[in-house]
Amino acid sequence: MSDLVIPAPPQPTVPTTTGGRFPVRRVFCVGRNYAAHAREMGHDPDREPPFFFTKPADAVVGDGADTPYPPLTAQLEHEVELVVAIGAAAVDVPVADALGVVWGYGVGLDLTRRDLQAEAKRLGRPWDAAKGFDASATVGVLVPATGVDPTQGTVELTVNGTLRQAGDLADQIWSVAETIAELSRSVRLAPGDLLMTGTPDGVGPLVRGDEVEGRIAGVGSVRTVIV
């Protein structure tokens with residue numbers, strides 16, 4: 001008999017190309033990891049070390065699922081990102097060893113309530129309400145790390161078939177290995193953690209009815225419709 005006083009919440013998972021599902025423990029995101037995007041948001045990328053924020057695990061929804069337009073915002077925006085799925089524990093891992101803790105990769109959409117984020121920045125408050133709302137992280141099917149080169153590959157996002165974002169993994173200020181190493185200095189990474197690695201420039205608004213598709217060469221794609 002369970003001693004839980006309420007039923008345990010369901011375990012968020014993401015499908016993989018192996019046929020199994022990847023259990024999601026935590027979601028970390030790195031901010032301003034592409035120079036052009038940092039500049040379009042009004043920051044100097046040459047002076048900023050990587051910084052991180054989080055989303056709750058149950059903010060993750062699967063490829064093809066509809067995304068409800070969130071409340072409390074008039075400025076929902078898209079950001080396409082490489083998602084890294086951690087498969088082994090990592091504490092203060094060296095850059096040279098960092099990719100060894102990766103189980104696989106996927107394509108993700110980091111959705112942002114940009115007006116709430118701007119207000120939080122103005123007031124010096126956390127970004128939680130702007131970044132960690134329900135269904136704010138759509139994640140495509142994960143592929144095992146073997147055979148994937150996370151240092152290069154075109155990154156694109158279209159809305160209703162029109163190209164909005166275009167870049168390359170090679171444009172990242174901090175590589176996947178460097179980002180994992182830096183994050184592992186402050187938290188103990190564990191199997192099930194996801195890391196969203198930043199977005200190219202071209203972020204923009206979404207409205208109900210928009211069909212959003214992100215693609216990364218050599219990794220895959222992700223798709224959702226805003227409803």
Side-chain angles (χ1 to χ4, degrees), residues 9 12 14 24-45 47-63 65-84 106-140 155 157-159 164-165 167 172-174 179 182-183 186-187 193-214 222-227:
V14 179
V24 179
R25 179 173 180 261
R26 296 177 295 185
V27 182
F28 296 97
C29 307
V30 60
R32 304 176 198 145
N33 199 29
Y34 287 74
H37 173 58
R39 293 189 183 100
E40 79 175 344
M41 301 305 291
H43 300 276
D44 183 348
R47 296 183 180 178
E48 295 184 356
F51 72 94
F52 301 91
F53 57 93
T54 63
K55 294 175 181 277
D58 63 3
V60 173
V61 295
D63 179 41
D66 289 344
T67 298
Y69 195 97
L72 304 179
T73 184
Q75 193 178 357
L76 178 67
E77 294 196 355
H78 57 73
E79 301 182 15
V80 60
E81 314 204 1
L82 176 70
V83 177
V84 180
V107 186
L109 302 176
D110 170 13
L111 299 179
T112 303
R113 295 194 277 202
R114 193 71 71 194
D115 44 0
L116 272 64
Q117 185 187 40
E119 182 71 358
K121 290 179 179 178
R122 185 181 71 83
L123 297 173
R125 294 176 177 173
W127 293 6
D128 298 59
K131 287 288 192 177
F133 53 93
D134 296 340
S136 60
T138 306
V139 177
V155 181
L157 180 136
T158 60
V159 177
R164 290 270 192 94
Q165 291 185 260
Q172 292 183 333
I173 298 170
W174 296 83
T179 301
E182 183 69 17
L183 181 57
S186 60
V187 299
D193 288 339
L194 295 180
L195 173 60
M196 303 185 79
T197 57
T199 193
D201 61 323
V203 301
L206 296 168
V207 299
R208 289 182 176 86
D210 280 346
E211 181 177 348
V212 188
E213 184 172 3
V222 66
R223 175 190 170 277
T224 191
V225 174
I226 308 300
V227 298

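Please read all numbers here as calculations on a predicted model, not as lab measurements.
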- Item | Derivation and outcome, side chain to side chain contact (heavy atoms under 4.5 Å, CB included), residues V27 and V60 | CA-CA 9 Å; V27 182; V60 173; 3.8 Å; yes
- Message: Walk me through whether L76 and T112 qualify under side chain to side chain contact (heavy atoms under 4.5 Å, CB included).
- Response: CA-CA 6 Å; L76 178 67; T112 303; over 6 Å; no
- Task: Before giving the answer on side chain to side chain contact (heavy atoms under 4.5 Å, CB included), spell out for V155 and V80 the whole-Å C-alpha distance, their side-chain angles and the decisive distance to 0.1 Å.
- Result: CA-CA 8 Å; V155 181; V80 60; 3.8 Å; yes
- Message: One pair to check against side chain to side chain contact (heavy atoms under 4.5 Å, CB included): F28 and L194. What are the steps and the verdict?
- Response: CA-CA 6 Å; F28 296 97; L194 295 180; over 6 Å; no
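Residues K131 and S136 approach most closely at O-OG, 3.1 Å, considering heavy atoms. Of all non-hydrogen atoms in L82 and T197, the two that sit nearest each other are O-OG1, 2.8 Å. Here the closest heavy-atom approach between residue L195 and residue F52 is recorded as CD1-CE2, 4.4 Å. Nearest approach of T67 to A135, heavy atoms of both residues: CG2-O, 3.7 Å. For the residue pair G198 and N33, the shortest heavy atom distance occurs at CA-CB, 4.2 Å. Minimum heavy-atom separation, V207 to D210: N-OD2, 2.9 Å.
R114 places no side-chain N or O within 3.5 Å of a backbone atom of H78 that could act as its donor or acceptor partner. Although no hydrogens or angles enter the test, the distance criterion places no donor-acceptor pair under 3.5 Å between the side chain of T138 and the main chain of G108.
Side-chain contact check for V139 versus V222: every heavy-atom pair is 4.5 Å or farther apart. Two residues are said to be in side-chain contact when any heavy atoms from C-beta on lie closer than 4.5 Å; V212 and L109 meet this criterion.
Between Q75 and E77, the side chains place a donor N or O and an acceptor N or O closer than 3.5 Å (distance only, hydrogens not considered). A donor atom on one side chain and an acceptor atom on the other are found under 3.5 Å apart for T73 and D115.
With sequence neighbours left out, the salt bridge (charged side-chain N to carboxylate O under 4.0 Å, His left out) criterion links R223 to E211. For the ring-ring contact (aromatic ring centres under 6.0 Å, His included) test, no residue two or more places apart in sequence or in another chain qualifies with Y69.
In this structure, the separation between CG on L111 and OG1 on T224 is 7.5 Å, given to the nearest 0.5 Å.
Counting heavy atoms of neighbouring residues, nucleotides and ligands inside a 6.0 Å radius, atom CG of D134 does not exceed 12 of them.
With respect to the salt-bridge test (charged N to carboxylate O, under 4.0 angstrom), the residues D128 and K55 do not qualify. Ion pair E79/R164 not flagged as a salt bridge, since none of the NZ, NE, NH1 or NH2 atoms sits closer than 4.0 Å to an Asp/Glu carboxylate oxygen.
Taking the centre of each ring, W174 and F51 stay at or above the 6.0 Å mark.
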